[in-house]
Amino acid sequence: MDFIDLKRQYRAYRQEIDQAVSAVIQSGRFILGEEVSLLEQELAEFTGAGSAVAVSSGTDALIVALMAAEAGPGQEIITTPFTFIATAEAIALSGARPLFVDIDPKTFNMDVNRLAELLEARSRRGRMPSGIIPVSLFGLCADMDRINSLAQKHGLFVLEDACQSMGATYGKRLSCNLSSMAATSFFPSKPLGGYGDGGMAFFSDPDLAGRARCLRVHGETSRYRHEYIGLNARLDAIQAAVLRVKLRHFPNEIEARQRAADRYSSLLESFREHVAVPEVPEDYKSVFAQYTVRIKGGIRDRVAAFMNSMQVPTAVHYPVPIHLQKAFAFLGYRQGDFPEAERACQEVLSLPMHALIEESEQEQVIAAMRAALEHLKKI
Ligand SMILES: Cc1ncc(COP(=O)(O)O)c(C=O)c1O
């Protein structure tokens, strides 16, 4: 069994994908171009976001958005310590300093009460950060309305790191259209993934979108005229062609992911004492980029090793919080600074999850988990 079975997905859409890729090769136009513009239009429409700017990865989408918002040295930008490294990396690469807020243990997303406390404390000291990057982790949106209203009160920008949440809903709106800027990833294993690296930045302000469009091509405003120092962060046409095919199937895939998640949660009903299943708050719909449980009692690694020995792949997203990563040692954080993020790193375990996973495979995963818990004399 594959953790994410991309070969099965290819077999399902093979004819359409082969045709789309072949058309790009025959066109001789490989970088940006019509396929990329069409993908931008389709995703702006799908998410409801004002403008979409296609780039070469989720990391570049974060970087381009931060550059468009003029993030830089002397600024601080708030994010969560329980995320993929790229979120904090993009902040550091912009020249700004990451500032962390611990997570809500139920959703794994930024704890908005703690965010409010931090902003109040900073406001009293007269030293405000310039922006917030909430991460909609594992496919579940962060509490964006509350974050936006705190940001508005204190004059901060908000950039949703939606690299795991394309297709997730928050009330009636979709991820990538919940704040003035958002960044998503088309890494192959993402809910909407290409056949290589890719990403997209979203903007409600057309001026920022225009700047991002220049920044992704070396800051170029017209041929060989460069208004900004930019990047080579362009999306290629083959990725756009693959993504446009997958986008047609995406609404069905989102539902299939939610059905698969519900199935896991009901199969896990009988061992709730040892395993906490993902909680989706009312009015949210997760796209389950990962189906991530908590294994209680300090036995996560032993459960994972046992399951892996039964040919069931699992993953730990993430074993080390960002504030304790060597690369960020210069920030001076210590063990104990963000206890919820640290505890999550000890307890989380992601199970095989994709839109085309079969019931029998999910039963096999849960049988392996039951065997692991029995072996460890927990049930
Ligand atoms: C939360 C988060 N942010 C940023 C990224 C970076 O995306 P990419 O790998 O496309 O650069 C990822 C991808 O794994 C992610 O999960």
Side-chain angles (χ1 to χ4, degrees), residues 3-4 6 36 39 43 52-67 71 77-94 98 100-101 103 107-110 131-142 144 147 158-168 175-176 178-179 181-202 212 216 231-236 239-240 242-243 246 257 286-292 315-323 325 327-328 341 344-345 348 350 353-354:
F3 186 69
I4 296 174
L6 294 173
V36 173
L39 178 70
L43 272 178
V53 180
V55 291
S56 42
S57 68
T59 308
D60 283 333
L62 289 166
I63 292 172
V64 162
L66 285 173
M67 287 170 82
I77 295 170
I78 299 173
T79 192
T80 146
F82 189 60
T83 177
F84 181 59
I85 191 85
T87 321
E89 208 172 32
I91 297 172
L93 284 171
S94 79
F100 299 112
V101 168
I103 54 165
T107 62
F108 297 114
N109 285 330
M110 185 181 286
I132 310 172
I133 308 187
V135 180
S136 295
L137 202 72
F138 303 151
L140 178 72
C141 292
M144 295 300 291
I147 293 170
V158 179
L159 162 59
E160 182 195 12
D161 181 338
C163 286
Q164 300 184 10
S165 58
M166 171 58 74
S175 179
C176 299
L178 304 176
S179 53
M181 299 189 288
T184 199
S185 165
F186 303 130
F187 187 77
S189 59
K190 299 296 184 198
L192 181 64
Y195 285 165
D197 277 309
M200 185 126 1
F202 296 88
R216 75 173 165 186
L231 304 162
N232 171 2
R234 302 172 295 224
L235 186 69
D236 68 70
Q239 297 312 328
V242 170
L243 287 160
K246 291 207 195 178
R257 283 172 172 279
S286 173
V287 73
F288 289 101
Q290 304 296 344
Y291 183 89
T292 304
V316 172
H317 303 106
Y318 297 93
V320 181
I322 307 294
H323 65 287
Q325 293 282 357
F328 284 105
C345 289
V348 289
S350 302
M353 166 57 96
H354 54 95

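One-based numbering, in listed order, for ligands and for the atoms of each. Hydrogens, waters and symmetry mates play no part in the numbers below; they use all other heavy atoms, side chains included.
Taking every heavy atom of Thr83 and a limit of under 4.0 angstrom, the matching atoms of ligand 1 come to 1 (C). Using a 4.0 Å cut-off to heavy atoms of Thr87, the atoms of ligand 1 that qualify are 3 (N). For ligand 1, the atoms closer than 4.0 angstrom to any heavy atom of Ser185 are 7 (O), 8 (P), 10 (O). Each of the following atoms of ligand 1 lies closer than 4.0 Å to a heavy atom of Ala86: 4 (C), 5 (C), 6 (C).
Summary of contacts: the protein heavy atom closest to atom 16 (O) of ligand 1 is Gln164 NE2, 2.8 Å. Nearest non-hydrogen protein atom to atom 13 (C) of ligand 1 is Lys190 NZ, 2.9 Å. Taking atom 8 (P) of ligand 1 as the reference point, the nearest protein heavy-atom neighbour is Gly58 N, 3.5 Å. Among protein heavy atoms, atom 12 (C) of ligand 1 sits closest to Phe84 CD2, 3.5 Å. Nearest non-hydrogen protein atom to atom 11 (O) of ligand 1 is Thr59 OG1, 2.5 Å. In terms of protein heavy atoms, atom 3 (N) of ligand 1 is closest to Asp161 OD2, 2.8 Å. Closest to atom 4 (C) of ligand 1, if we only count protein heavy atoms, is Cys163 SG, 3.4 Å.
Shown here for Val320 and Cys345, the closest heavy-atom pair between the two residues is C-SG, 3.7 Å. When all heavy atoms of Leu137 and Thr83 are compared, the pair lying nearest together is CD1-CA, 4.1 Å. Of all heavy-atom pairs between Pro81 and His323, the closest is CB-ND1, 3.5 Å.
In this structure, CE on Met166 lies 6.0 Å from CG on Leu192, to the nearest 0.5 angstrom.
Defined by atom type and a distance below 3.5 Å, a donor-acceptor pair is present between the side-chain atoms of Ser175 and Glu160. Looking at Thr87 and Thr79, their side chains never bring a donor and an acceptor atom within 3.5 Å of each other.
Between Phe288 and Phe138, the ring centre distance reaches or exceeds 6.0 Å.
Within the 4.5 Å cutoff, the side chain of Val55 has no heavy atoms near those of the Phe186 side chain.
Contacts of Val135 with ligand 1, taken as heavy-atom pairs under 4.0 Å, involve the side chain alone.
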